[in-house]
A.B. asks: 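One structure is given below, represented as structure tokens, and several questions about it will come after.
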Amino acid sequence: MPDYGRDLTFGYFLIPNAADPLLATAREIEDRGLDWIGVQDHPYQRRYVDTFALLSAIAAVTTRVGVFPDVANLPLRPPAVMAKAAASIDVLSGGRFELGLGAGSFWDAIEAYGGPRRTPGESLAALEEAMAVIRLVWSGQRNLRFEGRHYRLAGAHSGPVPAHEIGIWLGVYGPRALALAGRLADGWVPSLRGEITPLAEAAARLDDAAAGAGRNPADIRRVLNINGRITDGPREGLLRGPVDQWVDELTDIALGYGFDTFLYWGEGPDQLPRFAEEVAPAVRAQVNAER
């Protein structure tokens, strides 16, 4: 699988726990030179603040770092209103917002919050409709009309127009969902869950789908959520070990599977500074050296 030659960027996966110093951590992420802050979106989780409210607050206390929901919970967020919120944060932040978007999971919790319970096929259809609605609402046009099974627009007026062309990055995994991403998405946001093989297979499906739709697979941004622990001890498995192991493994993922952005979810107070100051610059240097 090719290296698509994009400049590498790095970020942090911020858990929106209301008891944590979220805005101070966001400022630290920016101060340490990382490029992105991604925030998971589980509105039914009582310990979490609302993701879009937090992203707006983060944008207000930072000046450079990009922000995005990682990924937004579509069943609980009507797409036209979500598009308005996304455009608003983008305008207020000077063009620093991207839209990570998911079809939904944890259906018991979604239903408990008043959302729909959807089958996999319904979820995928709703996701495709939502992408169309969102892009219409960002268009700046008037009298918008869309008639779908799950969503509709009936003469809506769009605005504000985003400050830059916001990307829609899909957090999807299944073959049909990857086919949708290959056809229509601006980016892909999976999570590395212990084994590289499923990720490699999914990346290949995405490339095939993009090529089959007449697109250049290089046009799809690849953002990977990663979890692990940076240590000074021996290697204990994928992304669990010393800095040189992290550098080698992330370099292999970037050059072997086309990923250009890594969002780290750390395990302990020392992990953010170690990732930002020891791992990220070394990965960038090694990738540049091997290209």
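In this text the structure is predicted, and so the values were computed from the model without any measurement. Hydrogens, waters and symmetry mates are skipped; everything else that's a heavy atom, side chains included, is used.
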A.B. asks: To the nearest 0.5 Å, tell me how far R215 CZ sits from L184 CG.
C.D. replies: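 Here the interatomic distance stands at 7.0 Å.
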A.B. asks: Can you list the steps and then say if R229 with D270 is a salt bridge (Lys or Arg N to Asp or Glu O under 4.0 Å)?
C.D. replies: CA-CA 10 Å; R229 182 153 184 83; D270 66 325; 3.7 Å; yes
A.B. asks: Short question: side chain of D90, backbone of A163 - any donor-acceptor pair under 3.5 Å?
C.D. replies: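 Yes; judged by distance alone, with no hydrogens or angles, the pair exists.
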A.B. asks: Is the ring pair Y48/H42 parallel, tilted or perpendicular, if the boundaries are 30 and 60 degrees?
C.D. replies: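 The rings of Y48 and H42 sit tilted, inter-plane angle from 30° to 60°.
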A.B. asks: Mind checking the CG-OH spacing from L199 to Y173? Nearest 0.5 Å is all I need.
C.D. replies: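 Reported to 0.5 Å precision, the distance equals 8.5 Å.
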A.B. asks: If we ignore hydrogens and angles and just use 3.5 Å, is the side chain of S191 paired with the main-chain N or O of R193 as donor and acceptor?
C.D. replies: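 No: the side chain of S191 does not pair with the backbone of R193.
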A.B. asks: How long is the straight-line distance from CG of D248 back to CD1 of I253, given to the nearest 0.5 Å?
C.D. replies: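 Result: 11.5 Å between the selected atoms.
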A.B. asks: In the single-linkage hydrophobic clustering (I, L, V, M, F, W, Y; side-chain heavy atoms under 4.5 Å), do L34 and V189 co-cluster?
C.D. replies: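 No, L34 does not connect to V189 through the hydrophobic network.
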A.B. asks: Between F262 and W246, is the ring centre distance below 6.0 Å?
C.D. replies: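 No.
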A.B. asks: If you measure from CD on Q286 to CG on L255, what distance do you get to the nearest 0.5 Å?
C.D. replies: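 Spacing of CD (Q286) from CG (L255) equals 8.5 Å.
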A.B. asks: Are F97 and L23 connected into the same hydrophobic cluster when the rule is that any two of I, L, V, M, F, W, Y join if their side-chain heavy atoms are below 4.5 Å apart?
C.D. replies: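 Linked, L23 and F97 end up in one cluster.
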A.B. asks: For N73, is there any backbone N or O sitting under 3.5 Å from a side-chain donor or acceptor partner on D41?
C.D. replies: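 A pair under 3.5 Å: yes.
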A.B. asks: Would E277 and R32 count as a salt bridge (Lys or Arg N to Asp or Glu O under 4.0 Å) here? Give the steps.
C.D. replies: CA-CA 7 Å; E277 297 170 9; R32 292 190 182 277; 2.2 Å; yes
A.B. asks: Is the closest side-chain heavy-atom distance between V243 and T231 below 4.5 Å?
C.D. replies: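 Result no, sub-4.5 Å side-chain heavy-atom pair not found.
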A.B. asks: Specify whether W265 and F13 have parallel, tilted or perpendicular ring planes, treating 30° as the upper limit for parallel and 60° as the lower limit for perpendicular.
C.D. replies: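 Rings of W265 and F13: tilted, 30 to 60°.
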A.B. asks: W188 side chain to I220 main-chain N or O, any donor-acceptor pair under 3.5 Å?
C.D. replies: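 Not a single qualifying donor-acceptor pair exists.
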A.B. asks: Quick one: do the R96 and T62 side chains pair a donor with an acceptor below 3.5 Å?
C.D. replies: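 Note: R96 and T62 side chains meet the donor-acceptor criterion.
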A.B. asks: Rounded to the nearest 0.5 Å, how far apart are CG of L239 and CG of L250?
C.D. replies: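 Between L239 CG and L250 CG, I get 5.5 Å after rounding to 0.5 Å.
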A.B. asks: Could you state whether L206 and V71 fall into the same hydrophobic cluster, counting links through intermediate Ile, Leu, Val, Met, Phe, Trp or Tyr residues with side-chain heavy atoms under 4.5 angstrom apart?
C.D. replies: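 Looking at the clustering, V71 is in a separate group from L206.
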A.B. asks: Would you say L99 and I134 make side-chain contact, with heavy atoms under 4.5 Å?
C.D. replies: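 Of all side-chain heavy-atom pairs linking I134 with L99, at least one is under 4.5 Å.
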A.B. asks: Determine whether a donor-acceptor pair (N or O, by modelled atom type, separation under 3.5 Å) exists between the side chain of R145 and the backbone of A156.
C.D. replies: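 Not confirmed, R145 side chain does not pair with A156 backbone.
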A.B. asks: Does T51 reach the main-chain N or O of V39 with its side chain, forming a donor-acceptor pair under 3.5 Å?
C.D. replies: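 Judged by distance alone, no pair lies under 3.5 Å.
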A.B. asks: Using the salt bridge (Lys or Arg N to Asp or Glu O under 4.0 Å) rule, take R135 and D186 through it: C-alpha gap first, then chi angles, then the decisive distance, then the call.
C.D. replies: CA-CA 12 Å; R135 285 172 171 150; D186 303 299; 2.9 Å; yes
A.B. asks: Distance alone, cut at 3.5 Å: any donor-acceptor contact between the side chains of D207 and Y4?
C.D. replies: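 Side-chain D/A pair, D207 to Y4: present.
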A.B. asks: Checking R221 against D260 for the salt bridge (Lys or Arg N to Asp or Glu O under 4.0 Å) test, could you report, in this order, the C-alpha distance in whole Å, the side-chain angles of both residues, the deciding distance, and whether it holds?
C.D. replies: CA-CA 7 Å; R221 183 159 204 160; D260 55 80; 2.9 Å; yes
A.B. asks: Is it true that the NZ or CZ of R274 lies under 6.0 Å from the centre of Y264's six-membered ring and within 45 degrees of the ring axis?
C.D. replies: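 No, R274 does not sit over the ring of Y264.
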A.B. asks: Is there side-chain contact between R240 and E267, with at least one heavy-atom pair below 4.5 Å?
C.D. replies: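 They are in contact (side-chain heavy atoms under 4.5 Å apart), so the answer is yes.
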A.B. asks: For the residue pair H150 and E128, confirm or rule out a side-chain donor-acceptor distance under 3.5 Å.
C.D. replies: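 The answer is no; no qualifying pair exists.
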A.B. asks: Determine yes or no for a side-chain-to-main-chain donor-acceptor pair under 3.5 angstrom, with D20 supplying the side chain and L22 the backbone.
C.D. replies: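 Not at all, since once roles are kept as given, no pair shorter than 3.5 Å links the two residues.
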A.B. asks: Report yes if some heavy atom in the side chain of F68 is under 4.5 Å from a heavy atom in the side chain of L263; otherwise report no.
C.D. replies: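 SC-SC contact between F68 and L263 confirmed.
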A.B. asks: Hey, would you say the Y12 and W36 ring centroids sit under 6.0 Å apart?
C.D. replies: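 Distance test on ring centres: not under 6.0 Å, no.
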A.B. asks: Could you grab the distance from atom CZ of R176 to atom CG of L127, nearest 0.5 Å is fine?
C.D. replies: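 R176 atom CZ to L127 atom CG measures 12.0 Å (nearest 0.5 Å).
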A.B. asks: Under 4.5 Å between side-chain heavy atoms, counting indirect links through other Ile/Leu/Val/Met/Phe/Trp/Tyr residues: same cluster for I226 and V223 or not?
C.D. replies: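 In one cluster with I226: V223, no.
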A.B. asks: Do I37 and L92 belong to the same hydrophobic cluster, where Ile, Leu, Val, Met, Phe, Trp and Tyr are linked whenever their side-chain heavy atoms lie under 4.5 Å apart, directly or via other members?
C.D. replies: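 Looking at the clustering, L92 is in a separate group from I37.
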